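Beneath this line is the structure, given in structure tokens, with notes to follow.
Values reported hereafter were calculated over all heavy atoms of this structure, with side chains retained and with hydrogens, waters and symmetry mates removed. Note that this is a predicted model, so its numbers are computed, not measured.
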Amino acid sequence: MIKKEDNILRYEGLGDIIIKPNARAKRFVFRVKDNRLQMTTPKYSSKKEMYQAVSSMYDKLKKLLSNNTNPLIDLNFSIDTEFFKLKIEEGNRERFLARSELGELSIIAPKSVDFNDVQLQEWLKRVIIEALRRNAKIILAPRLYMLSQKHNIPYNQLKINTSEGRWGSCSGRKNINLSVYLVLLPKHLIDYVLLHELCHTYEMNHGPNFWALLNNLTEGRAEELNEELKNYHTSIFNYSKE
């Protein structure tokens, strides 16, 4: 029922589970990434302990996998947002061809390609994210600078990352980090996130002073915009128009 090969644990009904040993882990932790379960384990966990952990949580893991499975990136997959559009088409070439312009990415796929291939799915995701990165540098940097100048809130440096955990962050040195996925948001929410991080150059917490400043910069809409932002996620799959 279970077989361990390198860092893969195969369990009937759950598929391949990626094993992530961690010297600091004190318990088993599960998450879903790229449509597969990942299992963080204490460094010296035995095969038997892994089996018992998966077996005891089988129903919950089955539900977790089902709820977090992303759609295939295939000919039906597209993104159509204000600042970024993606389409995948079938062509006559033997290899994939990607054409990227400002705000657009077109991928030409060979005929009869197997979109179920895990490595292909990972490659397609990397291509899309790299296109987002290029667009983010062109779109977000001048937008952040403009808002900084408009509200007289200076910052130090800007870095664009591929974080799937947060839209942005600000360090104590006033360095701002922004996720490439921001370019998939509507313009007013992009500005909200940028203003949010600029406010952190003054207030490093989310206390009353921070929200008062952000509310002033958003014409009293800070809470409303924050709630709207919760409808979006840092993932290309949140914007798929299948």
Taking [X] for the side chain and [Y] for the main chain, is one N or O donor matched with an acceptor at less than 3.5 Å?
| X | Y | result |
| --- | --- | --- |
| Ser171 | Asn175 | yes |
| Glu90 | Lys111 | no |
| Gln121 | Asn116 | no |
| Ser148 | Ile153 | yes |
| Thr218 | Ala222 | yes |
| Lys85 | Thr81 | yes |

Applying a strict under-4.5 Å side-chain criterion to I, L, V, M, F, W and Y, I'd like to know whether [X] and [Y] cluster together.
| X | Y | answer |
| --- | --- | --- |
| Val193 | Met146 | yes |
| Met204 | Leu213 | no |
| Ile138 | Leu140 | no |

Look up atom [atom1] in [X] and atom [atom2] in [Y], then write down how far apart they are to the nearest 0.5 Å.
| X | Y | atom1 | atom2 | result |
| --- | --- | --- | --- | --- |
| Phe115 | Leu120 | CZ | CG | 6.5 Å |
| Leu61 | Ser56 | CG | OG | 8.0 Å |
| Gln52 | Met57 | CD | CE | 14.0 Å |
| Asp74 | Leu72 | CG | CG | 5.5 Å |
| Ile139 | Leu178 | CD1 | CG | 12.5 Å |
| Ile17 | Leu65 | CD1 | CG | 9.0 Å |

What are the two closest heavy atoms between [X] and [Y], and how far apart are they?
| X | Y | answer |
| --- | --- | --- |
| Pro142 | Lys137 | CD-O, 4.0 Å |
| Phe83 | Val183 | CB-O, 3.5 Å |
| Leu217 | Leu195 | O-CD1, 3.9 Å |
| Leu182 | Ile190 | O-CG1, 3.2 Å |
| Arg10 | Asp16 | CG-OD1, 2.9 Å |
| Leu124 | Ile73 | CD1-O, 3.5 Å |

Exercise for the section: Step by step, work out the side-chain contact (heavy atoms from CB on, under 4.5 Å) result for Leu86 and Ile236. Expected result: CA-CA 10 Å; Leu86 162 73; Ile236 61 174; over 6 Å; no

Exercise for the section: Give the other cluster members for Val29, using side-chain heavy-atom distances under 4.5 Å between Ile, Leu, Val, Met, Phe, Trp and Tyr residues; answer none if it is isolated. Expected result: none

Less than 4.5 Å apart, side chain to side chain, heavy atoms only: is that true for [X] and [Y]?
| X | Y | value |
| --- | --- | --- |
| Glu130 | Arg126 | no |
| Arg93 | Pro110 | no |
| Ser106 | Glu89 | yes |
| Tyr11 | Ser55 | yes |
| Arg166 | Thr234 | no |
| Thr41 | Asn22 | no |
| Ile19 | Ile8 | no |
| Thr201 | Pro154 | no |

Practice task
Answer with yes or no after comparing the ring centroid distance for His196 and Phe210 against a 6.0 Å cut-off, counting only values under it.
Solution key: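 Judged by ring-centre distance (under 6.0 Å), His196 and Phe210 do meet the cut-off.
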
Exercise for the section: Taking the six-membered ring for Trp and the single ring otherwise, decide whether the centroids of Trp123 and Phe96 are under 6.0 Å apart. Expected result: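 Between Phe96 and Trp123, which both carry aromatic rings, the centre distance is below 6.0 Å.
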
Any chance [atom1] of [X] has more than 12 other-residue heavy atoms, nucleotides or ligands included, within less than 6.0 Å?
| X | atom1 | answer |
| --- | --- | --- |
| Glu82 | CD | yes |
| Glu101 | CD | no |
| Glu227 | CD | yes |

Handout entry: side-chain contact (heavy atoms from CB on, under 4.5 Å) evaluation trace for Tyr181 with Ile129
Key = CA-CA 8 Å; Tyr181 299 105; Ile129 292 176; 3.2 Å; yes

Handout entry: Residue pair Tyr192 / Asn226, side-chain donor-acceptor N/O under 3.5 Å
Key = yes

Practice task
Before accepting this row, confirm whether a basic side-chain N of the pair Lys125/Glu122 lies closer than 4.0 Å to the acidic partner's carboxylate O.
Solution key: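 Salt bridge flag = no for Glu122 with Lys125.
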
Problem - side-chain contact (heavy atoms from CB on, under 4.5 Å) partner of Ser100, chosen from Leu132, Leu105, Val127, Ile128 - result: Leu105

Problem - Pairs involving residues 145-165, ordered by first then second residue, that meet ring pair (Phe, Tyr, Trp, His ring centres under 6.0 Å) (sequence neighbours left out) - result: none

Practice task
For Ser46 and Tyr51, run side-chain contact (heavy atoms from CB on, under 4.5 Å): C-alpha distance rounded to whole Å, both residues' side-chain angles, the deciding distance at 0.1 Å, then the answer.
Solution key: CA-CA 9 Å; Ser46 67; Tyr51 170 81; over 6 Å; no

Exercise for the section: Begin from the C-alpha positions of Glu228 and Leu189 and carry the test side-chain contact (heavy atoms from CB on, under 4.5 Å) through to its verdict. Expected result: CA-CA 8 Å; Glu228 185 179 353; Leu189 288 181; 3.9 Å; yes

Practice task
Report yes or no: is the cationic atom of Lys60 (NZ for Lys, CZ for Arg) under 6.0 Å from the centre of the six-membered ring of Phe30, at an angle within 45° of the ring normal?
Solution key: no

